[in-house]
Amino acid sequence: MLGLNLRTLETPDIMLVGFVGGTGGASSFMRELAAGLQARGLRTRVVVPAWEGTIALADSAARLGVSVERSESLKMERDWARSILSAARFIRRHRAPIVHYHLSDDYLEPAFLRAMNLMRPPRAFASMHAPYARSGADDEIRRWAREAPRHFRRVICVSRASRARQIRNGLSPALTTLIYNAVDVARFGSGEASIVRRGLPTVPPDARLVISTARLEEQKQPLAAVATFAQVAAEFPDVHLVMVGRGPLEAATHAAAEAAGLGGRVHLVGHQINIPDWLAAATIWLLPTLGEGFSMAVIEAMAAGCTIVSTRCAGNDEVLVHGENALLVPVGDVNAMAAALRRALSDGSLRARLGASARAGAQRYSMDAAVDQHLACYGLASTGVGSSERTCDVA
């Protein structure tokens, strides 16, 4: 076993290190996991790159009592040698009995992996949050598969697709395990819609809202969301589209809404910290995503009992079932997405059934259960952790 347990080390220091941008699902999960571990009496520390986006992560984590350090050493340089030196500096200065890396790609940064070869820190843990396989990185993937067993006790994958991909990449099945992302189900199921309504003064109080809570970037397809809404807007004049989030396609999304003559009915409200309130206000929750690792946003929408309209893609296909807890359409099919949105807006009983099923299904992805599963992986707990598929024993 790992050599640490709750009897011999009452408050072990668990450091969560994220190669994350600050506003995506991996960042959210780190924040929620740290809060859950702290609730068990364990000291945690979250360390992320000192990028602009991680300022919001630090602010939101502080509201949960979680401290986030924004480190310059995690900002990988363009220069290979400087990147290795920066990573080595980080490894030397940041130590803990348990270190858990959270990666937004299919492998650890090559320069950081090289620094680990030089510094030889104790073996850590890694969670893979990549939404889909990265192309054009064969050398990095081969290096990762070759060296991961040397540096990691377990590689945690957040979906079955992610685990299968890691095994195809060359990792031993024994090194990998599946622990789904999770959320605080109670918190996301207790939002207050009136708070959001007060923040949308130009929207009629009786308007229905189609809400998207996703970054405005290519993966999440915000332009497809606008195109979908444009197809049904004339049929449902009481409906408005609200997009919660920021990203590189923000200006393009605004321009697309204006070009469609929907500037007054498409609202880009930027980054928001009170996501449960926005979900509570949603008549429909919309996500035309290209692919997911295992979407935190989807689980949040489920916990809020939203009527979900999304794509049938890797990641989503492990939690969303068409006609049962969501309406799903092929990736990239705007016409099908519009048809699904039209169907949901037209049928209140369908919305009620899908929302109730989604809320019930979200209980499978509670943060409390995920904390148990991570403690089992760390070697700090061995009971109450669910099925063998979703937990691991650390040898």
Among side-chain atoms of [X] and [Y], is any donor-acceptor pair under 3.5 angstrom?
{"X": "Asp368", "Y": "Ser366", "answer": "no"}
{"X": "His100", "Y": "Ser127", "answer": "yes"}
{"X": "Arg45", "Y": "Ser67", "answer": "no"}
{"X": "Asp105", "Y": "His129", "answer": "no"}

| task | Apply side-chain contact (heavy atoms from CB on, under 4.5 Å) to Arg82 and list each qualifying residue two or more places apart in sequence or on a separate chain. | result |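 Partners of Arg82 under the side-chain contact (heavy atoms from CB on, under 4.5 Å) test: Glu77, Asp79.
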Under 3.5 Å donor-acceptor, [X] side chain and [Y] backbone:
{"X": "Ser310", "Y": "Leu287", "value": "yes"}
{"X": "Glu250", "Y": "Leu216", "value": "no"}
{"X": "Arg163", "Y": "Ser159", "value": "no"}
{"X": "Arg154", "Y": "Ala174", "value": "yes"}
{"X": "His271", "Y": "Gly245", "value": "no"}
{"X": "Asn316", "Y": "Thr311", "value": "yes"}
{"X": "Thr176", "Y": "Pro173", "value": "yes"}
{"X": "Gln219", "Y": "Gly291", "value": "yes"}
{"X": "Arg43", "Y": "Ile14", "value": "no"}
{"X": "Gln166", "Y": "Asp106", "value": "yes"}

Contact between [X] and [Y] at the side-chain level, heavy atoms closer than 4.5 Å - yes or no?
{"X": "Ile98", "Y": "Phe125", "answer": "yes"}
{"X": "Thr289", "Y": "Cys313", "answer": "yes"}
{"X": "Ile308", "Y": "Asn325", "answer": "no"}

| field | Listed partners of Phe294 passing ring pair (Phe, Tyr, Trp, His ring centres under 6.0 Å), at least two apart | value |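 Ring pair (Phe, Tyr, Trp, His ring centres under 6.0 Å) check on Phe294 returns Tyr180, Tyr365.
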| said: Quick check on the 6.0 Å ring-centre criterion: do Trp144 and Phe152 meet it? | reply: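 Ring centroids of Trp144 and Phe152 are less than 6.0 Å from each other.
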| Shortest non-hydrogen contact from Gly263 toward Glu258 |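 Smallest heavy-atom distance, with atoms named: CA-OE2, 3.5 Å.
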| task | Please report the shortest heavy-atom distance between Ala207 and Arg197, naming the atom on each side. | result |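 Looking at all heavy atoms of both residues, the closest pair is O-NH2, 2.6 Å.
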Anything under 3.5 Å between a donor and an acceptor, one on a side chain of residues 233-243, the other on a protein residue two or more places apart or in another chain? List them.
unit_1	atom_1	unit_2	atom_2	d
Glu235	OE1	Arg342	NE	3.0
Glu235	OE2	Arg342	NE	3.0
Glu235	OE2	Arg342	NH2	3.1
Asp238	OD2	Arg208	NE	2.8
His240	ND1	His267	NE2	2.8

